[in-house]
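Just so it is clear, the values below take in all heavy atoms, side chains as well, and ignore hydrogens, waters and symmetry mates. In the text below, chain A, chain B and the rest are named by the order of the sequence lines, each starting its count at 1.
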There are 2 protein chains.
Amino acid sequence: MHGLKILVADDEEKMRQVIRIYLENEGYIVIEASNGQEALEKIKETKFALVLLDVMMPEIDGWTLCRKIRQEFCTPIIMITARGEEYDKLFGFELGVDDYITKPFSLREMIARIKAVLKRSNGDKNMNNNILKVGALEIKPRYRQIFLENKEMVLTPKEFELLNFLCQNPEIVYSREQLLNQVWGYDFLGDLRTVDTHVKQLREKLGSHKKYICTVWGTGYKFRVGD
Amino acid sequence: MHGLKILVADDEEKMRQVIRIYLENEGYIVIEASNGQEALEKIKETKFALVLLDVMMPEIDGWTLCRKIRQEFCTPIIMITARGEEYDKLFGFELGVDDYITKPFSLREMIARIKAVLKRSNGDKNMNNNILKVGALEIKPRYRQIFLENKEMVLTPKEFELLNFLCQNPEIVYSREQLLNQVWGYDFLGDLRTVDTHVKQLREKLGSHKKYICTVWGTGYKFRVGD
DNA sequence: TAGCTTCATCACAAATTCATCACAGTAGAT
DNA sequence: ATCTACTGTGATGAATTTGTGATGAAGCTA
């Protein structure tokens, strides 16, 4: 269990330092990356036992980076997220993530999770590949694919995340604000109506099944398969 | 979720003001404290739903204050920190902080975090996930659906809220004024008779069960299932 | 860099809901 | 029985909310 390399991607130096000290103390070799781009390059160069990824990063945010890593590598990933309602995001669909830690967290907790993930990834693979089927839709979160009547939909990242989120929580009504928080993140500063535009796009791509996404007047949207 | 008291402790007047405006707009009651001492006194006087605490304060700094509060109270605390500072302390976690926000932050993010913390501290007992059955009605607040004899009613937002409110408080008589306050909100300035119109609509949609909503002559309305 | 995709925002149109009013109907009091 | 105060109801224009196409910015790829 010693000498394993761990990549710590976080834009805050102080944060990286604290983590480095603890991890080295546990016998790991720590490589740092201060932004997403750098992280991606280092992953391509070196084989890591694990990647520790902060969600909040400038340039490339954690989710995007995670997706990019997963396109090529199966290195275990632990996300560091701000505490809040992003749980669904993690559980629901970004299943490429092996575990996550919410800030503020204790370093003891972090170490424990790292060990657990490493153990699992060696003992291998009860890969949580859970595929979800709702109506004519089939969702493979791990591959970032959604099939409509067995044909793969061509979706942009945002479209994927929005549709996936709605599908993972069918029948539940979400306000535009909630959707922004869940899908875009707390730090999105934009217009509520942005949601509408994406809903429009999704409906267009859903074609005859556009009624899966239904408007709840005065409230928001929900995914609904029945009726 | 309305009328909850929040203490904002920050030495910068401007900052407090901005936060106050935003929070009040969301229906919270805001009390300000311009330094640690003052904050501590106010906490001892009043019971707050949440404390928003800036780390950087003269006299008593945020960390010390946080510890002092925790010695006596379990009020949820959200810390406002400058980015990149003092991670060790947050890590330590021994301070019992419920969440923290790093400056600069958006007000939307702040609100979202506040709501998340409040929700958690309520143990989610406010989760109106409870499905309620009264007579031939079945109410699923989370889905924003009301079923009448197992058939979903098609309701406008106001209709939904009014019927839901009445059902959640059966047998209790409400005056038009009370209903306006509860369902429309205190800031509604309109005509009392507006309630009547909506009651009419509901009765129409209730069809043969219209007597669920009954008129209490000279007083108001109530929901009644029996008799 | 140029070309392409994705994204957020805006403005306008369309759809839906809402509050109000006037008048009809009803319960209760005298 | 008659009167008065209160409630029921249909119609209507205003207000709110949502749908949608266009547009320019930002990001990515080659």
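- Ion pairing between A/Glu38 and A/Arg16 fails under the 4.0 Å rule for side-chain N and carboxylate O.
- Contact between the side-chain N/O atoms of A/His198 and the OP1/OP2 oxygens of C/dT6 is not found at any separation under 4.0 Å.
- Counting any heavy atom pair closer than 4.0 Å across all strands shown, A/Lys158 reaches sugar-phosphate atoms only and no base atom.
- Across A/Phe165, A/Tyr212, A/Tyr174, a single residue satisfies ring pair (Phe, Tyr, Trp, His ring centres under 6.0 Å) together with A/Phe223, and that is A/Tyr212.
- Counting non-hydrogen atoms under 4.0 angstrom, A/Thr194 reaches a base of the nucleic acid.
- For D/dT17, the OP1/OP2 oxygens have no side-chain nitrogen or oxygen of A/Thr215 closer than 4.0 Å.
- In this structure, CG of B/Asp191 is placed 5 Å from P of C/dT20, rounded to the nearest angstrom.
- C/dA19 atom P lies 11 Å from atom CD of B/Glu159, rounded to whole Å.
- Atom CG in B/Leu202 sits roughly 11 Å away from atom P in C/dC18 (whole-Å rounding).
- Among the heavy atoms of the strands lying under 4.0 Å from A/Tyr221 are primed sugar atoms or P, OP1, OP2 only; no base atom is included.
- In this structure, B/Glu161 pairs ionically with B/Arg144, as a charged nitrogen and a carboxylate oxygen lie closer than 4.0 Å.
- OP1 or OP2 of C/dA8 has at least one side-chain nitrogen or oxygen of A/Trp184 nearer than 4.0 Å.
- Using a 4.0 Å cut-off, no side-chain N or O of B/Arg193 falls inside it from OP1 or OP2 of C/dA22.
- Distances from the side chain of B/Trp217 to the nucleotides C/dA27, D/dT16, D/dT20 place C/dA27 closest.
- A straight line from CG of A/Leu179 to C1' of C/dA8 spans 16 Å, rounded to a whole angstrom.
- Of the candidates C/dT17, D/dT9, C/dT20, the closest approach to any side-chain atom of B/Thr197 belongs to C/dT20.
- Between A/Glu171 and A/Lys222, at least one side-chain nitrogen of the basic residue sits less than 4.0 Å from a carboxylate oxygen of the acidic one, meeting the salt-bridge criterion.
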